[in-house]
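Data block below; observations after.
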Amino acid sequence: MVSDAAARLRGHLVEKYETLLAGVSARLGSREQARDALQDAYVKLSTTGPEQEVRHPTAYLYRMALNIAANARRKDKRLLTFDEVSALLEVPDETPDPASIAEARSDLTLVKEAMSRMSPRRLAICTAAWLDGLSTAEIADRHGVAQRTVQHELKLAAEDLQRILNQPRVVPLRRSAGGVS
């Protein structure tokens, strides 16, 4: 329920609209923004408003419109500009083209052939590490071998696959207890 004071302020706004518009326009530097602020003030007074009588209604409405304009400016600053939105929409299409798909399928066939030639132990270690995501310690416990043996098998398998795929050799970083060294 809107108070009588708010209803009288709305009436005062309508009555003194041109005066308020001139003052708010001069302060904001834009007649359009001033119109929007005064319109928002009218709408706000239709839903809420002061419970008690306002002593200086013109000054109250003037301050209210300026506050609404300041809030609108802050809100607009949080929004992206047209150029920023355009930049975001220009994300390159990362969908593989037919040539990339054919190349990946060929590589997959080569990897499958190479893995079929691995010893059962090496294949089990690679599967546990690369597909199941187990740690070297877990794999060593599972197969009853030293962690160093697991690391050696993984290194040989990776080198073999890199050679088959004609990829540059990847040198693994040594891991220490505190991180990568």
Side-chain angles (χ1 to χ4, degrees), residues 1-108 111 129-138 154 158 161-162 165-181:
M1 176 99 185
V2 180
S3 67
D4 290 341
R8 279 192 283 281
L9 278 173
R10 278 197 329 262
H12 189 78
L13 192 151
V14 171
E15 181 183 319
K16 301 286 184 181
Y17 182 79
E18 289 302 323
T19 304
L20 288 166
L21 181 63
V24 175
S25 296
R27 183 69 184 266
L28 296 178
S30 167
R31 195 166 176 86
E32 191 64 34
Q33 287 179 348
R35 279 191 187 122
D36 290 344
L38 287 172
Q39 181 179 354
D40 289 348
Y42 186 86
V43 170
K44 190 170 184 177
L45 287 171
S46 299
T47 56
T48 61
E51 292 296 322
Q52 303 205 355
E53 201 63 38
V54 174
R55 189 181 294 174
H56 303 286
T58 303
Y60 183 90
L61 292 169
Y62 178 77
R63 176 52 47 200
M64 184 178 187
L66 290 179
N67 288 339
I68 287 171
N71 289 339
R73 265 197 312 262
R74 276 189 227 115
K75 183 180 172 187
D76 287 347
K77 282 184 179 178
R78 284 185 259 152
L79 299 176
L80 297 176
T81 64
F82 179 77
D83 291 338
E84 291 169 332
V85 171
S86 295
L88 289 174
L89 293 177
E90 292 178 12
V91 175
D93 184 12
E94 296 181 5
T95 306
D97 58 7
S100 299
I101 292 171
E103 185 178 344
R105 285 183 180 155
S106 174
D107 288 349
L108 182 61
V111 168
W130 297 339
L131 298 179
D132 299 338
L134 297 180
S135 69
T136 304
E138 291 170 327
L154 290 171
L161 292 175
Q162 289 168 352
L165 296 174
N166 293 323
Q167 291 185 348
R169 184 167 179 243
V170 176
V171 179
L173 297 174
R174 250 183 37 205
R175 292 199 172 264
S176 65
V180 178
S181 60

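Start at 1 with the first residue, then count along the sequence. What you are looking at is a predicted structure, and each value in this text was computed from that prediction instead of being measured. Only this structure's heavy atoms are used, side chains among them; waters, hydrogens and symmetry mates stay out.
The CG atom of Leu45 lies 6.5 Å from the OH atom of Tyr60; values are rounded to the nearest 0.5 Å. Taken from CG in Leu38 to CG in Leu61, the straight-line distance is 8.0 Å, to the nearest 0.5 Å. For the atom pair CD (Glu51) and CG (Asp4), the distance works out to 9.5 Å, reported to the nearest 0.5 Å.
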Show every donor-acceptor pair shorter than 3.5 Å between a side-chain atom in residues 15-34 and any protein atom, with sequence neighbours excluded, or say none if there are none.
unit_1	atom_1	unit_2	atom_2	d
Ser25	OG	Leu21	O	2.6
Ser30	OG	Glu32	N	3.4
Ser30	OG	Gln33	N	3.1

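Remark: Asn67 pairs with no residue by the side chain to side chain donor-acceptor pair (under 3.5 Å) rule, at least two apart or across chains. By the side chain to side chain contact (heavy atoms under 4.5 Å, CB included) test, Ala70 pairs with Arg73, Arg74, sequence neighbours left out. Partners of Val111 under the side chain to side chain contact (heavy atoms under 4.5 Å, CB included) rule, at least two apart in sequence or in another chain, are Met115, Leu161, Leu165. Remark: Arg8 pairs with Glu53 by the side chain to side chain donor-acceptor pair (under 3.5 Å) rule, at least two apart or across chains. Val85 is linked by a side chain to side chain contact (heavy atoms under 4.5 Å, CB included) to Leu80, Leu89, counting only residues two or more places apart in sequence or in another chain. Contacts of Glu138 classified as side chain to side chain contact (heavy atoms under 4.5 Å, CB included), with partners at least two apart in sequence or in another chain: Leu134, Ser135.
Sorted by first and then second residue, the salt bridge (charged side-chain N to carboxylate O under 4.0 Å, His left out) pairs with a member in residues 37-47 form an empty list; sequence neighbours excluded. Residue pairs satisfying the salt bridge (charged side-chain N to carboxylate O under 4.0 Å, His left out) criterion with at least one member in residues 77-92, sequence neighbours excluded, are absent. Residue pairs meeting the side-chain hydrogen bond (donor to acceptor under 3.5 Å, both in side chains) criterion with at least one partner in residues 97-106, sequence neighbours excluded, are Asp97-Ser100.
Pairing each heavy atom of Ala158 with each of Trp130, the nearest pair is N-CH2, 4.0 Å.
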